[in-house]
Amino acid sequence: MITITLPDKSQRQFESGVTGMDVAQAISPRLAKEVLAVSVNGAVWDLNRPILEDAEIKLFKWEDREGQETFWHSSAHLMAEAIETYFPGTKFGIGPTVDTGFYYDIDLPEGKQITEKDLEKIEKLMLELSRQKNNIVRSEISKADALKMFETKGDALKLELISELEDGTITLYNQGNFTDLCRGPHLPNTEYIKAVKLTAIAGAYWRGNEKNKMLTRIYGVTFPKQKMLEEYLILMEEAKKRDHRKIGKEMELFTFSQKVGQGLPMWLPKGTMLRMQLEDFLKKVQKKFGYEQVMTPHIGDVNLYKTSGHYAKYGADSFQVIKTPQEGEEYMLKPMNCPHHCELYAFKPRSYKDLPIRMAEFGTVYRYEQSGELHGLTRVRGFTQDDAHIYCRPDQLKDEFKKVIDIIFIIFKALDFKDYTAQISLRDPNKPEKYIGSPENWDKAERAIIEAAEEKGLITVTELGEAAFYGPKLDFMIKDALGRKWQLGTIQVDYNLPERFELEYIGADDKRHRPIMIHRAPFGSMERFVAVLIEHTAGKFPLWLTPEQVVVLPISEKYNEYAKGVSDFLNNSDIRSLVDDRNEKIGRKIRDNELKRIPYLLVVGEKEAETQTISVRRQGQGDIGTMRWSEFEQLVQTEVREQLSSFYN
RNA sequence: GCCGGGGUAGCUCAGGGGUAGAGCGCUUCCUUGGUAAGGAAGAGGUCACGAGUUCAAUUCUCGUCCUCGGCUCCA
């Protein structure tokens, strides 16, 4: 007999060799129906893998990430099985899960190509295979046997993977006629997979290296219920409507021009208004935090970037140097603002009493991003960073870092960004040669970031080896409408640039010391931020505005969407009456195209309950007072009315 | 940059070797307390750009530019 400990610490006795599924059965038949995977002493296992010794286990259902991953990973195998049937001779790379669903990298037989139509057929095939209810069987295999097996199949990709694995750790999974090298875990059988949608075909380099062969990557997503798939597809449709590129065009916020060049966004009047509101807001916050605005040119002498080290990094792959009539004179479009700011710091001798010095600039920078990478406003070639550099003493580092986190909190709160990820990026301890600066300084900087984040109550994920070569950093990521993650705010500690620019301050000891530099951009860039903001807020009117500023809300151009969006706030009859008022004045109804020209609607807060009391503040006026929602709605109505009349008069 | 889709009216898109269509929008007029409506008339396109094949190219071929989904990269 062995003892199985459940998450609630309760213990049960079972025969040795009991499976996760057996335990689930013993608890309840319903659980047994829903359970997808089991963790045994922390490792996720197949449900039907025998447990031989005492263990702590946890059962995972669809609601658990582990359950979904198991489900989707098995789905990837099912897809591979279907593809092998559909295109015999296909070689398989890897088939992992992603945030939503899974993919498989495949190498199609010579001359074969896969199209959207093929996907539908493969989907059908997958469902047929699923109905065969084939058991997914795990088996351990020696390295030699594994190599032999995939050699006979002629599968070079798998051979490469196997050759890197240690003997004794290699497992195979089989279902029906399909066997794949795999660590697992998997579902007990294929029948669990009830709904399939293959979402995309894409090219991908083998093992992510562009020198390797380009494989075909097929993305898919599966669900245990057909209804869940339908809901998912509707969600994706909704998300597409929120795409900032679509809304940006509809609302005339920004545009691109073929003649101006790719990746170079231009802000239309309404978009400029929105952007300036954000800039003003941040400037105000920064002023409170002791920042000083500075301005620097868009170009700089090549030597500036050679000093900073950016030339080495951006030189060859960037916009090329600008020549002048003067022989040997070369300038570059600035790829970042830091070198200029360092020269501002070096403008005069600094005392330890002067520090910290906080220089802020909405600095437009230019980077030659790979053409295939450009994407709406989220990835462009010319963009404006809400940049600032803080030069401080080592003893000020942590405190300054915390203050930057405060600023980011203020912004995220103001704009109702709740669902973000904070990532601490540290150096790779095994590769000290990758980083500059003394290990002591690195230790200090990393500790400062970790402690600052902790003291601010920030929930973070830590990534080793993700640090910049000059220092560790803290990044904030937000998802766009389609769930893609974008890095927005970033705070980076830098020991490198002060060194390269020989920045100094005179300490209390009358000796020269090197300041530490913090790079930070709470928005990241205005372009990317506005993009994410649009997707984040679109469709869930009212926009935002909480603490002490009113930010403009772009309203959708379509009357229907407008009415639908605002109905959270004001019901439709309110809107109609506003329109009717206007109607009387001008002797006829306001038409859609007139209404849509009203550029912005001011709204505050987010409605939670009819009777909820909220405190409302207004930019430039501060606190307006505490009021109920009904009163607040009145206020908003007045706002709308004013906007309407100011628009027409 | 690489792999694979696209580029036709302001927008969303259909079409396809014989120089263009729809819906919405736009303009003018009419109608209308069932109106987030209806009617009539109208404006608007060198079918992304360049070259080639052809009697004839928006349609086929090639190149260029732009764009979309990914890969690598990044704010």
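These values consider heavy atoms only, across backbone and side chains, with no hydrogens, waters or symmetry-generated copies. In the text below, chain A, chain B and the rest are named by the order of the sequence lines, each starting its count at 1.
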[X] [atom1] to [N] [atom2], straight-line distance once rounded to whole Å:
X: A:Asp387; N: B:A75; atom1: CG; atom2: C1'; value: 10 Å
X: A:His375; N: B:C71; atom1: NE2; atom2: P; value: 12 Å
X: A:Glu527; N: B:C74; atom1: CD; atom2: C1'; value: 14 Å
X: A:Arg381; N: B:C73; atom1: CZ; atom2: P; value: 18 Å
X: A:Phe102; N: B:G70; atom1: CZ; atom2: P; value: 16 Å
X: A:Gln385; N: B:C74; atom1: CD; atom2: C1'; value: 11 Å
X: A:His389; N: B:A75; atom1: NE2; atom2: P; value: 12 Å
X: A:Leu198; N: B:G5; atom1: CG; atom2: C1'; value: 17 Å

In the strands shown, is [N] matched to any nucleotide by a Watson-Crick or G-U wobble pair with both distances under 3.5 Å, and which?
N: B:C60; answer: B:G52
N: B:G44; answer: none
N: B:C74; answer: none
N: B:A14; answer: none
N: B:G69; answer: B:C3

Nearest to the side chain of [X], which nucleotide is it out of [options]?
X: A:Ala202; options: B:G1, B:C74, B:G69; answer: B:G69
X: A:Arg217; options: B:C68, B:C71, B:A75; answer: B:C71
X: A:Ser525; options: B:A75, B:G1, B:C65; answer: B:A75
X: A:Gln258; options: B:G7, B:G69, B:C2; answer: B:G7
X: A:Gln370; options: B:A75, B:C66, B:G1; answer: B:G1

What does [X] touch in the nucleic acid at a heavy-atom separation under 4.0 angstrom: a base, only the sugar-phosphate, or nothing?
X: A:Gln487; answer: sugar-phosphate
X: A:Arg528; answer: base
X: A:Leu215; answer: nothing
X: A:Gln262; answer: sugar-phosphate
X: A:Val380; answer: base

Hey, does the side chain of [X] come within less than 4.0 Å of [N]'s phosphate (OP1/OP2), counting only N and O?
X: A:Arg379; N: B:C73; answer: no
X: A:Thr490; N: B:A75; answer: no
X: A:Tyr219; N: B:C71; answer: yes
X: A:His519; N: B:A75; answer: no
X: A:Lys249; N: B:U12; answer: yes

Could you tell me if [Y] and [X] have a donor-acceptor pair between their side chains, going purely by distance under 3.5 Å?
X: A:Thr462; Y: A:Gln423; answer: no
X: A:Thr296; Y: A:Lys334; answer: yes
X: A:Asp180; Y: A:Tyr104; answer: yes

(message) Does this structure show an ion pair linking A:Asp387 with A:Arg520, if we count only N-O contacts that are shorter than 4.0 Å?
(response) no

(request) Could you check whether the rings of A:His77 and A:His73 sit parallel, tilted or perpendicular, using 30° and 60° as the cut-offs? (result) perpendicular

(request) Check the geometry between A:Phe383 and B:A75 and answer yes if their rings are stacked (centres below 5.5 Å, planes below 30°), otherwise no. (result) yes

(request) Step through it carefully: locate the ring centre of A:Phe102, locate the ring centre of A:Tyr219, and say whether they are under 6.0 Å apart. (result) no

[atom1]-based separation of [M] from [N] [nearest Å]:
N: B:C68; M: B:U54; atom1: C1'; value: 33 Å
N: B:C29; M: B:C55; atom1: C1'; value: 47 Å
N: B:U12; M: B:G70; atom1: C1'; value: 25 Å

(message) Distance criterion of 3.5 Å, no angle test: do you see the side chain of A:Tyr368 paired donor-to-acceptor with the base of B:G1?
(response) no

(message) With nearest nucleotide decided by heavy atoms, which residue, A:Gly263 or A:Ser371, maps closer to the 5′ end of RNA chain B?
(response) A:Ser371

(message) Taking side chain to side chain donor-acceptor pair (under 3.5 Å) as the criterion, tell me which of A:Thr421, A:Thr490, A:Thr460 meets it with A:Asp475.
(response) A:Thr490

